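Below is one structure, written out as structure tokens; the observations come after it.
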2 protein chains.
Amino acid sequence: MDKETLEVDQWFEGLAKGNPLALDRQICFPVYVAGNSLVRAYRPLLSEIGLTYPQYLVMLILWSEEAPLSVGTIGSHLMLDSGTLTPLLKRMESAGIVERRRDQADERRVLIGLTAKGRALRKDAESIPGKLIGCSGMSPTDLHDLHQAVITLRRLFLNDAPPATAAEEEALSE
Amino acid sequence: MDKETLEVDQWFEGLAKGNPLALDRQICFPVYVAGNSLVRAYRPLLSEIGLTYPQYLVMLILWSEEAPLSVGTIGSHLMLDSGTLTPLLKRMESAGIVERRRDQADERRVLIGLTAKGRALRKDAESIPGKLIGCSGMSPTDLHDLHQAVITLRRLFLNDAPPATAAEEEALSE
DNA sequence: CAATATTATATTGCGCACAATTTGATTGTT
DNA sequence: AACAATCAAATTGTGCGCAATATAATATTG
């Protein structure tokens with residue numbers, strides 16, 4: 001067993017010790033707070049263009065991919081189900097930025113496409129990522145650290161593996 | 001300028017290049033997904049003891065700290081306001097696990113205390129952290145990586161220095 | 001081809017999360 | 001003491017996020 005693995009094992013052993021119910025011992029709590037904080041940070045910027053954060057995510061997909069896309073396809077990207085997406089997409093439809101129509105090839109599906117207004121909105125959205133970084137008050141170093149942390153989250157929660165290092169390959173094969 | 005700083009600066013320069021509106025370029029999106037995933041993972045475990053995830057967080061605070069605590073104090077720990085907490089605490093009150101009463105010393109405040117039932121619930125909650133790790137299907141290595149990522153999130157979103165690990169606590173008390 | 005199973009979306013109901021506002025208590029100022 | 005300013009919690013209204021269920025279309029099976 002190599003030194004790295006030993007260190008992880010020692011850390012893992014320590015997990016159950018002490019008071020596992022202390023708030024500052026919770027692994028998930030900072031993730032929960034970060035999730036709330038992020039939506040809060042986007043809100044004032046997105047409200048200027050009439051979007052909520054999950055609506056913005058839908059638009060990112062429609063702008064980047066071959067729209068129209070089915071509700072299910074959008075949901076699999078965002079890890080959201082029709083119970084969340086259907087009312088959200090209806091609000092976006094009544095705002096005039098997306099179209100909803102049954103797929104002729106499979107009447108179970110509903111295809112979501114962009115309207116002219118929805119396509120035009122992209123121009124207004126282009127400044128959002130830059131503005132967010134400005135609003136966040138984070139230094140380039142903070143952002144870099146956040147990005148590194150996010151690569152981990154992406155691997156663990158989105159099964160979106162970055163190219164594995166030799167060390168990780170080693171660990172997997174054992 | 002040292003090598004580390006130069007690397008961060010180069011990464012920061014690259015941020016604006018390409019398509020900043022691509023979903024897989026979003027720094028915040030994995031945090032959003034992780035937040036949703038975490039609440040989803042806790043739900044079946046917590047429903048066994050009649051709690052939601054934010055209610056569980058309130059209980060963690062009340063179990064660890066000198067209860068009773070004001071709504072505002074709880075809110076500052078969880079970064080939630082009275083608009084979220086008041087109805088949540090009322091539901092917990094009607095479930096019989098907390099008490100709500102005006103602070104005699106300052107009638108603006110409402111103090112939240114544990115009932116006997118609320119204190120007893122702690123025993124049932126003790127197995128939750130361990131069970132969650134089991135349910136998550138994460139390896140010790142995954143958990144360690146997550147923990148490292150979370151230390152960053154805690155610093156950035158909770159302005160919090162990393163707390164001592166259980167192993168370190170152990171060492172200190174000896 | 002009919003019966004059954006599966007799939008995609010919609011609906012219902014509940015509990016957050018939060019902006020905006022209100023109500024009532026306390027503090028600060030003159 | 002009077003009055004404005006501040007503060008703590010509650011209230012109102014909107015939009016998720018999701019479990020459970022319903023509805024309807026497609027696929028599968030006998």
Side-chain angles (χ1 to χ4, degrees), chain A residues 29 32-48 50-58 68-95 98 100-112 157, chain B residues 29 31-48 50-58 68-76 78-95 98 100-112 157:
Chain A
F29 172 60
Y32 165 81
V33 172
N36 288 346
S37 300
L38 143 207
V39 174
R40 212 179 301 143
Y42 268 104
R43 194 186 309 272
L45 298 176
L46 290 174
S47 80
E48 284 180 26
L51 294 175
T52 65
Y53 185 67
Q55 289 172 10
Y56 172 66
L57 294 178
V58 169
L69 297 172
S70 72
V71 173
T73 302
I74 294 170
S76 69
H77 278 105
L78 303 183
M79 299 185 73
L80 295 172
D81 67 7
S82 70
T84 300
L85 286 175
T86 296
L88 184 152
L89 292 167
K90 282 183 174 177
R91 282 186 288 272
M92 293 173 78
E93 183 184 35
S94 62
V98 303
R100 300 168 64 246
R101 61 166 207 280
R102 287 281 160 188
D103 185 347
Q104 291 307 310
D106 183 343
E107 293 272 351
R108 287 172 304 183
R109 289 191 170 87
V110 169
L111 296 178
I112 308 299
F157 293 94
Chain B
F29 172 58
V31 178
Y32 165 80
V33 171
N36 288 347
S37 300
L38 142 208
V39 175
R40 213 178 303 144
Y42 268 103
R43 193 186 309 272
L45 299 176
L46 289 174
S47 80
E48 284 179 25
L51 294 176
T52 64
Y53 184 67
Q55 288 172 11
Y56 172 67
L57 294 178
V58 169
L69 297 171
S70 72
V71 174
T73 302
I74 294 171
S76 69
L78 302 184
M79 301 185 72
L80 296 172
D81 67 7
S82 69
T84 299
L85 286 175
T86 296
L88 184 152
L89 292 167
K90 283 183 174 176
R91 283 187 287 272
M92 293 173 78
E93 182 184 35
S94 62
V98 302
R100 289 163 13 95
R101 63 166 204 282
R102 287 278 161 189
D103 185 347
Q104 291 306 311
D106 183 343
E107 293 272 351
R108 288 173 303 182
R109 289 193 170 86
V110 168
L111 296 179
I112 309 299
F157 293 94

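Below, each value reflects all heavy atoms present in this structure, side chains not excepted, and no hydrogens, waters or symmetry copies. These numbers were taken from a predicted model, which means no experiment stands behind them. Chain letters run A, B, ... following the sequence lines, proteins first and then strands; every chain starts at 1.
If you check every strand for non-hydrogen atoms under 4.0 Å, Gly72(B) touches sugar and phosphate atoms only. In this structure, Leu85(A) reaches neither bases nor backbone, as no heavy-atom distance under 4.0 Å exists between it and the strands shown. Residue contacts shown for Ser82(A) include a base, since a base heavy atom lies under 4.0 Å away. If you check every strand for non-hydrogen atoms under 4.0 Å, Thr84(B) touches a base.
Of the candidate nucleotides dA19(C), dA9(D), dC16(D), dC16(D) has the atom lying nearest to any side-chain atom of Arg91(A). In the set dT9(C), dA17(C), dA19(D), dA19(D) carries the atom at the smallest distance from any side-chain atom of Arg43(B). Among the nucleotides dA10(C), dA17(C), dC16(D), the one closest to any side-chain atom of Arg100(A) is dA10(C). For Arg109(B), counting side-chain heavy atoms from C-beta on, the closest listed nucleotide (dA25(D), dT26(C), dA9(D)) is dA9(D). The side chain of Val71(A) sits closest to dA10(C) out of dA10(C), dC18(C), dA25(D). Nearest nucleotide to the side chain of Gln55(B), out of dA25(D), dG15(C), dA17(C): dG15(C). Distances from the side chain of Thr86(A) to the nucleotides dA10(C), dA17(C), dT9(C) place dA10(C) closest.
Comparing Ala105(A) and Val39(A), the nucleotide of DNA chain D nearest to each residue sits closer to the 5' end for Val39(A). Place Arg102(A) and Asn36(A) on DNA chain C by their nearest nucleotides, and Arg102(A) ends up nearer the 5' end.
Proximity of Arg40(A) to the phosphate of dC18(C): a side-chain N or O atom is located under 4.0 Å from OP1 or OP2. One finds no side-chain N or O of Lys90(A) lying less than 4.0 angstrom from the OP1 or OP2 phosphate oxygen of dG15(D). Distances shown here put a side-chain N or O of Tyr32(A) below 4.0 Å from the OP1 or OP2 atom of dA17(C).
In this structure, the OH atom of Tyr42(A) is 16 Å from the P atom of dC16(D), given to the nearest Å. For Leu38(B) and dA17(C), the CG to P distance is 11 Å, given to the nearest whole Å. Atom-to-atom, CG of Asp81(B) to P of dC7(D) comes out at 16 Å; the value is rounded to the nearest Å. We find that CE of Met92(A) is positioned 13 Å from C1' of dC16(D), with the value rounded to whole Å.
Every residue two or more places apart in sequence or in another chain that forms a ring-ring contact (aromatic ring centres under 6.0 Å, His included) with Tyr53(A) is listed here: Tyr42(A), Tyr32(B).
Arg102(B) contributes a side-chain N or O that, together with a main-chain N or O of Arg108(B), makes up a donor-acceptor pair within less than 3.5 Å.
Taking 4.5 Å as the limit, every side-chain heavy atom of Asn36(B) sits out of range of all side-chain heavy atoms of Met79(A).
The minimum heavy-atom distance between Pro44(B) and Ser47(B), with the atom names listed, is O-OG, 3.2 Å. When all heavy atoms of Leu51(A) and Tyr56(A) are compared, the pair lying nearest together is CD1-CA, 4.0 Å.
Looking at Arg108(A), its side chain has no donor and acceptor atom pair within 3.5 Å of the base of dT9(C).
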